[in-house]
Amino acid sequence: MQTTQSPAIPEMANGNRRTIPNYNPATMEVIDHVPVFTAAEVDALVKRARKASKDWAALSLKERSRYLKRLQKVIVKRKDEIVHTICEETGKTEMDGILEVFTVCEHLNFTAKKGPSVLKPQKRSTGVFLNKAAYTNFQPLGVVGVISPWNYPFILTAGPVVQALMAGNTVVVKPSEVTPATTLKLRELATEAGIPEDVLLVATGDGPTGGAIVEHPDTDLICFTGSTATGRKIGEICGRMLKPAILELGGKDPMVVFADANLERAANAAIWGGYSNSGQTCISVERVLVEDKIHDKFVQIVADRLKEMKQGMRHEHPSLGSMTFEKQVHIVTEHLEEARQKGANHIMEGGRHGDFQGLFMKPAIVTEVTSEMKIWKEETFGPVIAVQRFQSEDEAINLANGTTYGLNASVWTKNKKKAKRVARSIHSGAICINDVEANYIMSHLPFGGVKESGIGRVHGLEGLRSFTNMQAVLRDRFGMKKELWWFPYSESRLKLFRRVINILFG
Ligand code: NAD
């Protein structure tokens, strides 16, 4: 695995430097060690990215789009190798790996195709001012710092990188210390696509390396994906520095299932939404709210299907792989244990899987959960769904909104009016009706959270433009000697404005 980027920075040769082992969590074998970039090394990367930003920003939108189309071709050609790298360091199944590649291709395709029209100057109305013309420029910001987590190392690095590049910025990325190889692979792919070397730079390392990017006076935007706790720290620093930040944080997504739902589809969705990628998805189904009348039947269907699900090593093509991060195994275990102590019913026990050496956890279903339990209010991020029953629509909405998070949600009913009504009442960045998580791959839809799930949007027109300075431009059309509101002021002018207000707005 390539862990350096040329020209190598001098400190890289220092034998005493700190490194982090990268290991395969399904086998616990160490794959490699990656260097921890110091603040001085981050500074060197930001300077290189700054220097490169002038030429990159000067390219036309079509030229940048051509680079991205070439990157897309390289990704398609080398997809198996990318899946291998992702799976090696995450322990996820090959299907979950290929879904990462598929998602990146869909967003890359959108960004390269639509980028030029979304980012070209856009005419705006001047309202009552017929003597003026107005438009917006979408200017590159400069150097974007992208900081990403470990659960989808390809999607959550390539996604923001591609949007930042299309918008004319250069990028310094800090991948998660748990999954650095996929980001290093991305840089390799970008190089093959001909993207200039200093346009995309990678700083491997842990929290302090990310902190150095955030605190650097010459990074112009931080696009962070990760936990709410880290997002809060980054938000505080960016607030102090008045640096824009897009914060894509945690979730505790509710799935609301009414008695008139297509039960088969809803149960299958709960299983995929709750357990794919071992539940380590920011928009995974963590809380299932089921109308009382169908509660027991629904839980039974989910449990029966789960019992048939194959879990195992990648080459066996299972549906469930291993967890990625040991710390997460402890959090999941703690939530299951606390729920047990507080009287919840573990329909499927879950917990560490004894048949494997790696970080495998069995799927769990927990019912008779109360809103005070951690398993209901804190992000579990594992192969677990917590179930509560409800009697009325109002109760379902209150339960769904009853956490500090607001990322994704889903509502299940055949009644379209009810579905739309409930969707409007749930506080979340996105909601699916009779579907689960699929909004994430719809490249025209903006994505992001409310409440403690984050600030700002990626994806779609709004996301792409978040990586720019939306500069408003006003042009005078007729060159009159002066405007009516310029000096000198007089009583007659005041009267004129009173009349104009009455005529135009009265
Ligand atoms: P994390 O917050 O621990 O780490 C995320 C990244 O931030 C890592 O690269 C880490 O090294 C870096 N980091 C840590 N401390 C830092 C600091 N002080 N300054 C700068 N960078 C720092 O999160 P994680 O455990 O890697 O990821 C899991 C979390 O990410 C979950 O909460 C999940 O819901 C969330 N997530 C959100 C989305 C979304 O789009 N909303 C997507 C995926 C994951």
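What you are looking at is a predicted structure, and each value in this text was computed from that prediction instead of being measured. Both ligands and their constituent atoms are indexed starting at 1 by order of listing.
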(request) Check the side chains of Glu41 and Thr209 for a donor-acceptor pair under 3.5 angstrom, ignoring hydrogens and angles. (result) no
(message) So for ligand 1, is Ser148 a polar contact partner (N or O within less than 3.5 Å, distance only)?
(response) yes
(message) Considering both backbone and side-chain atoms of Asn151, is one of its nitrogen or oxygen atoms within less than 3.5 Å of a nitrogen or oxygen in ligand 1?
(response) no
(message) Side chains of Thr380 and Lys252 only: does a donor on one sit below 3.5 Å from an acceptor on the other?
(response) yes
(message) With nothing but distance in play, are any N or O atoms of Glu177 less than 3.5 Å from an N or O of ligand 1?
(response) yes
(message) I'd like to know if the side chain of Ser148 pairs up with that of Thr157 as donor and acceptor (distance under 3.5 Å, no hydrogens or angles considered).
(response) yes
(request) Using modelled atom types only, decide if a donor and an acceptor are shared between the side chain of Arg64 and the backbone of Met166 within a distance under 3.5 Å. (result) yes
(message) Give me the nearest non-hydrogen protein atom to atom 43 (C) of ligand 1 as residue plus atom name, then the distance to 0.1 Å.
(response) Leu156 CD1, 3.2 Å
(request) Could you tell me the residue and atom name of the protein heavy atom closest to atom 21 (N) of ligand 1, and the distance to it rounded to 0.1 Å? (result) Gly210 CA, 3.6 Å
(request) May I ask you to check whether Asn169 and Asp220 show a side-chain donor-acceptor distance below 3.5 Å? (result) no
(request) Taking only Lys NZ, Arg NE, NH1 and NH2, and the carboxylate oxygens of Asp or Glu, determine whether Asp198 and Arg50 approach each other closer than 4.0 Å. (result) no
(message) Give me the nearest non-hydrogen protein atom to atom 7 (O) of ligand 1 as residue plus atom name, then the distance to 0.1 Å.
(response) Phe224 CE1, 3.2 Å
(request) Please report which non-hydrogen protein atom sits nearest to atom 17 (C) of ligand 1, along with the residue it belongs to and the distance in Å to one decimal place. (result) Gly207 O, 3.7 Å
(message) As an exercise, identify every atom of ligand 1 less than 4.0 angstrom from a heavy atom of Pro175.
(response) 9 (O)
(message) With respect to Lys174, determine whether any N or O atom, backbone or side chain, lies less than 3.5 Å from an N or O atom of ligand 1.
(response) yes
(request) Could you tell me which atoms of ligand 1, counted from 1 in the order shown, lie closer than 4.0 angstrom to a heavy atom of Phe447? (result) 40 (O)
(message) Once you restrict to heavy atoms under 4.0 Å, what part of Thr228 touches ligand 1? Side chain, backbone, both or neither.
(response) neither
(message) Does ligand 1 come near enough to Trp150 that some N or O of the ligand is less than 3.5 Å from an N or O of the residue?
(response) yes
(message) So Ile426 and Asn401, do their side chains get closer than 4.5 Å, heavy atoms only?
(response) yes
(request) Using heavy-atom distances, let me know which of Asp253, Thr281, Leu249 sits nearest atom 41 (N) of ligand 1. (result) Leu249
(message) Below a 4.0 angstrom heavy-atom separation, can you tell me which part of Ile283, side chain or backbone, both or neither, approaches ligand 1?
(response) neither
(message) Between Arg78 and His84, is there a side-chain donor-acceptor contact under 3.5 Å, judged purely by atom types and distance?
(response) no
(request) Indicate, as side chain, backbone, both or neither, the part of Ile147 found under 4.0 angstrom from ligand 1 when only non-hydrogen atoms are considered. (result) side chain
(message) Donor-acceptor check, side chain of Asp253 to backbone of Val285, threshold 3.5 angstrom: yes or no?
(response) no
(message) Checking contacts here: is it the side chain or the backbone of Gln328 that comes within 4.0 Å of ligand 1, counting heavy atoms only? Could be both or neither.
(response) neither
(message) For the backbone of Val118 and the side chain of Arg465, can you confirm whether one donor and one acceptor N or O come within less than 3.5 Å of each other?
(response) yes
(request) Starting from atom 23 (O) of ligand 1, find the nearest protein heavy-atom neighbour and note its residue, name and distance. (result) Ser227 N, 3.3 Å
(message) Give me the nearest non-hydrogen protein atom to atom 36 (N) of ligand 1 as residue plus atom name, then the distance to 0.1 Å.
(response) Cys282 CB, 3.6 Å
(request) Looking only at distances, please establish whether an N/O atom of ligand 1 is found under 3.5 Å from an N/O atom of Thr225. (result) no
(message) For Phe325, which part has a heavy atom under 4.0 Å from ligand 1: side chain, backbone, both, or neither?
(response) neither
(request) Before accepting this row, confirm whether a basic side-chain N of the pair Lys374/Glu334 lies closer than 4.0 Å to the acidic partner's carboxylate O. (result) yes
(message) Under a 4.0 angstrom heavy-atom cut-off, which atoms of ligand 1 come close to Glu379?
(response) 31 (C), 32 (O), 33 (C), 34 (O)
(request) Examine the proximity of ligand 1 to Ala229 and report which part, side chain or backbone, both or neither, has a heavy atom under 4.0 Å away. (result) neither
(message) For the 3.5 Å polar cut-off, considering only N or O atoms, please tell me whether Phe381 and ligand 1 meet it.
(response) no
(message) Check for me whether Lys92 meets the cation-pi criterion with Tyr152, that is, NZ or CZ under 6.0 Å from the six-membered ring centre and within 45 degrees of the ring axis.
(response) yes
(request) Could you check atom 19 (N) of ligand 1 against the protein and tell me its nearest heavy-atom contact, residue, atom and distance included? (result) Gly211 N, 3.5 Å
(message) If the contact criterion is a heavy-atom separation under 4.0 Å, does Ser176 count as touching ligand 1?
(response) yes
(request) Could you check which of Pro149, Gly159, Gly226 puts a non-hydrogen atom nearest to atom 35 (C) of ligand 1? (result) Gly226
(request) For Val171 and Val173, work out which heavy atoms get closest and say how close. (result) CG1-CG2, 3.7 Å
(request) Starting from atom 22 (C) of ligand 1, find the nearest protein heavy-atom neighbour and note its residue, name and distance. (result) Thr230 CG2, 3.6 Å
(message) Does either side chain, that of Arg305 or that of Asn268, offer a donor lying less than 3.5 Å from an acceptor on the other one?
(response) yes
(request) Say whether Gly231 and ligand 1 are in contact under the criterion: heavy-atom distance to a ligand atom below 4.0 Å. (result) no
(message) Tell me whether the rings of His353 and Phe356 are parallel (<30°), tilted (30 to 60°) or perpendicular (>60°).
(response) perpendicular
(request) Decide, yes or no, whether a salt bridge links Arg340 with Glu349 under the criterion of side-chain N to carboxylate O below 4.0 Å. (result) yes
